[in-house]
Protein chains: 2
Amino acid sequence: MVWANGNFQKLPENYLFTDIARKVAEYQAAHPDADIIRLGIGDVTRPLPGSVIAALHSAVDEMGEAATFRGYGPEQGYTFLRQAVLENEYKPRGVTLELDEIFISDGAKSDTGNFTDLFGSGNIIAIPDPVYPVYLDSNIMSGHGGKQEITGEFSRIRFLPCLEENNFQPETPRRRVDIIYLCSPNNPTGTAMTFDQLRAWIEYALRYESLILFDAAYERYITQDGIPHSIYEIEGAERCAVEFRSYSKTAGFTGTRCSVTVVPKSVTARIREGGTVSLNKMWLRRQCTKFNETPYIVQRAAEAVYSPEGSREVDENIRYYLRNAAAIRSCFETMGCRVFGGVNSPYIWLKTPEGMGSWEYFDYLLQKYNIVGTPGAGFGACGEGYFRLTGFGTAESTEKAVARLLA
Amino acid sequence: MVWANGNFQKLPENYLFTDIARKVAEYQAAHPDADIIRLGIGDVTRPLPGSVIAALHSAVDEMGEAATFRGYGPEQGYTFLRQAVLENEYKPRGVTLELDEIFISDGAKSDTGNFTDLFGSGNIIAIPDPVYPVYLDSNIMSGHGGKQEITGEFSRIRFLPCLEENNFQPETPRRRVDIIYLCSPNNPTGTAMTFDQLRAWIEYALRYESLILFDAAYERYITQDGIPHSIYEIEGAERCAVEFRSYSKTAGFTGTRCSVTVVPKSVTARIREGGTVSLNKMWLRRQCTKFNETPYIVQRAAEAVYSPEGSREVDENIRYYLRNAAAIRSCFETMGCRVFGGVNSPYIWLKTPEGMGSWEYFDYLLQKYNIVGTPGAGFGACGEGYFRLTGFGTAESTEKAVARLLA
């Protein structure tokens, strides 16, 4: 009989957002007239920008003609898009990368998850708490978490507490860790690392020869100076860091699927047999073997994001979501809550009032105001007592939610 | 310092088709005037059917309007497409499956590769030889291959020789294996399993409680009776088999990316701690954690394949490729080669003449005729001395290739 991967048993059965969806569906079924406002899952609501729609139509037409039809494309992504990424995401920030260090994929979720394929056993893995659940779950799933203690903790995972005391910025650990996940601007706390804070991590990684996996999915929401948009803006990162970027929150691609992963050729890891290997080569082999490519039409859509018109439209959408975030932030401040994020991020992170638990507050908001948010505890133990709301709703539903809460 | 997954070192550095592409590019660079005809990689050349193009345009328009815009969809795929799969792929063949047994994904390559995430250690894995390289490579990569012997063989892999003597149909092994990959119609041999042949495997799997991973990516090319289009046409398969289907070769989606994986709820595996687990639940958890979904617009495109017009267009394309395959088959027969496949498959599998090696014959065809095929050895040791050609070229290039070969 087949042996299954027993590590799956160490995971909660459902993914966080699946749980929330079920709870909301049950509430809606019991209260069919309730006008539920969803400010929970980080999903966008603005339609795709006009320039992206035009690029899609044009690429679809190409696919309908034999002369311009495209079958299999390069597993790493088309050159036109990788070149556009270099020119638009990196060059203006003084970052030099090579074309074959850029990988186009179908989402930062897939890539951060699948990147664990490259890890050997024996690494100590540091993960912020609270944070996007995929980093932890994908490592547990692949056995990289190590043994599960009776307390529920994993022998090879070190959580990096992100608390009010440290402005939600994880501190470098005193002992060696091998792999470090960082997400800035952070999901869920909405706070962003400064140059100095991120530089400290790069120095740490270079000293201990650790690997940083840097998730920059929300960089486009940065409004303040002094906050890096890419980890490669800091010297040395090209020797220790992999960066994940996404069109999901930037350009509304949550249902269209496209992302960028950067694996510099100078980032290496060691193998038991001795010597080091290039993670760039490994990732290429992984993608060539277990992935095909992002659809051609979607790569053309992503390219359009960099056109002057596309760029303007994207900026407008970002401002729209940030206005929502500001309205939610100010609403909860008025209500007397301690509120964080929402300035360089679409996420608002709030301390639940009167010591309520995260899920308790979830039920309270759902039942009393018919507003859905995300319990902080879903992002890690340090998220208990906190709650995430997002600026990704429509302006109308956000205003309505604010009005309900302040009524 | 980070430990890398050392199993990657056990793989050849390049994926087969990457190697071929490089060789062809080098030849073209050295002979800029050579009119190279590519009948190597199994990539389609017909444009997307008109009904698919229309569905794409319409879905793109939906994405451009706030009222119809779609963000994150269900990780398992939209109900409209899963329902269409049930109604069109399975119901007409008397196969009853449930909606939550169907998973939409971005390709059979991704899914057959990623499915190895579900395997524990300790399985004996049977893989046909020759076959699509992803089954072997993805298992080596994840360490499921076991120890690599000095001969290059892997301790936990059992190859199932597919030779002229057994009509290229693998025989059930005398000893127990836990996981079995089958591909019918087969890539690369172009031969298909009969009901009786496949039934023998299901009986074997039920007796030993093994798991069959059945790749049906080429089922639409079946022209003869007596060949199952789905493994679930045979009783008992719903308790031991997972099936992979794809729109790539069926509807020209190699650059558009959509596939279907079926994981019946009654297929289980055991865990070390005792008891059994449902592979359906595990795959759902895997996909929810490390995948988002296939783009909405692509799912609408796949749905259109089942419209009366889409179905007619797809049939026409399949006949087109099969006519090419028949022409190639007959050409090599005229040349005195032993030729297989090409009847229920777009692939022609031929014995290289005069005992030439696979790569030797590759170079010979490329240099003498400027025709690119795929060396059989790239699909496994038993493929040595064989060569794969495909009917996926255009009718014009196929005719030109035939004329060159027979000149």
Side-chain angles (χ1 to χ4, degrees), chain A residues 1-6 8-9 11 15 18 43-44 47-48 53 56-57 60 63-66 69-73 106-107 109-110 113-114 117-123 134 137-138 141 178-179 209-211 254-257 269-273 277 282 285 288-292 295-296 298, chain B residues 1-6 8-9 11 15 18 43-44 47-48 53 56-57 60 63-66 69-73 106-107 109-110 113-114 117-123 134 137-138 141 178-179 209-211 254-257 269-273 277 282 285 288-292 295-296 298:
Chain A
M1 197 179 179
V2 187
W3 290 109
N5 178 351
F8 276 63
Q9 301 299 111
L11 291 166
Y15 183 61
T18 318
D43 197 3
V44 296
L48 290 179
I53 293 292
L56 279 168
H57 278 307
V60 168
M63 295 297 281
E65 298 294 330
F69 172 77
R70 308 269 187 143
Y72 291 123
D106 67 327
K109 186 184 183 189
S110 311
N114 291 332
D117 280 7
L118 273 51
F119 303 162
S121 56
N123 292 302
V134 167
D137 287 2
S138 59
M141 206 172 250
D178 303 300
I179 296 171
E209 300 183 87
S210 319
L211 171 69
T254 51
T256 303
R257 317 300 316 141
R270 61 180 169 169
I271 52 171
R272 297 277 166 200
E273 295 73 16
V277 290
M282 285 181 77
R285 191 60 166 91
C288 285
T289 304
K290 296 169 76 171
F291 181 64
N292 251 300
Y296 170 70
V298 172
Chain B
M1 197 177 178
V2 186
W3 290 109
N5 177 351
F8 275 63
Q9 301 299 111
L11 290 165
Y15 183 61
T18 318
D43 196 4
V44 297
L48 290 180
I53 294 292
L56 279 168
H57 278 306
V60 168
M63 295 298 280
E65 298 294 330
F69 172 78
R70 308 269 188 144
Y72 291 124
D106 68 326
K109 186 184 183 190
S110 311
N114 290 332
D117 280 5
L118 273 52
F119 303 163
S121 58
N123 291 301
V134 168
D137 287 1
S138 58
M141 206 171 251
D178 303 299
I179 295 171
E209 299 183 89
S210 318
L211 170 69
T254 52
T256 303
R257 317 301 315 141
R270 62 180 167 168
I271 51 171
R272 297 277 165 199
E273 295 72 18
V277 288
M282 286 182 76
R285 190 62 166 88
C288 285
T289 304
K290 296 170 75 173
F291 180 64
N292 251 300
Y296 170 71
V298 172

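A note on names: the letters A, B, ... follow the listed sequences, proteins ahead of strands, and every chain is numbered from 1.
Residue contact with chain A, scored on non-hydrogen atoms closer than 4.5 Å, involves the backbone and the side chain of B/N123 alike. With a 4.5 Å cut-off on non-hydrogen atoms, A/V298 touches chain B through its side chain but not through its backbone. Heavy-atom distances place both the backbone and the side chain of B/T256 under 4.5 Å from chain A. Proximity to chain A is limited to the backbone of B/R70, based on heavy atoms less than 4.5 angstrom apart.
Most heavy-atom pairs under 4.5 Å with chain B, from the set A/N292, A/I179, A/I271: that is A/N292. For the set B/G6, B/G73, B/G64, the count of heavy-atom pairs under 4.5 angstrom toward chain A peaks at B/G64. Among the candidates B/S110, B/G113, B/A4, the residue making the largest number of heavy-atom pairs closer than 4.5 Å to chain A is B/A4. Heavy-atom pairs under 4.5 Å with chain B peak, among A/M141, A/E209, A/R272, at A/R272. The greatest number of non-hydrogen atom pairs below 4.5 Å with chain A, out of B/M63, B/Q9, B/K109, is found for B/K109. When B/S210, B/A269, B/G71 are compared by the number of non-hydrogen pairs under 4.5 Å with chain A, B/G71 comes out ahead. The choice from A/F69, A/Y296, A/F119 that makes the most heavy-atom pairs within less than 4.5 Å of chain B is A/F69. Of the listed residues A/L56, A/V44, A/L211, A/N5, the one with more heavy-atom pairs under 4.5 angstrom with chain B than any other is A/N5. Contacts with chain B were tallied for A/M282, A/M1, A/R257; A/M1 has the most, counting heavy-atom pairs under 4.5 Å. The choice from A/V134, A/V277, A/L118 that makes the most heavy-atom pairs within less than 4.5 Å of chain B is A/L118.
Atoms SG and CG, on B/C288 and A/L11 in that order, are 11.5 Å from each other to the nearest 0.5 Å. Interatomic distance, CG of A/D137 versus OG1 of B/T289, reported as 5.0 Å (0.5 Å rounding).
The shortest distance between side-chain heavy atoms of A/T254 and B/Y72 falls below 4.5 Å. In this structure, A/N114 and B/F291 have side chains that are not in contact, with every pair of non-hydrogen atoms separated by 4.5 Å or more.
Using a 4.0 Å cut-off between a side-chain N of Lys or Arg and a carboxylate O of Asp or Glu, A/D117 and A/K290 qualify as a salt bridge.
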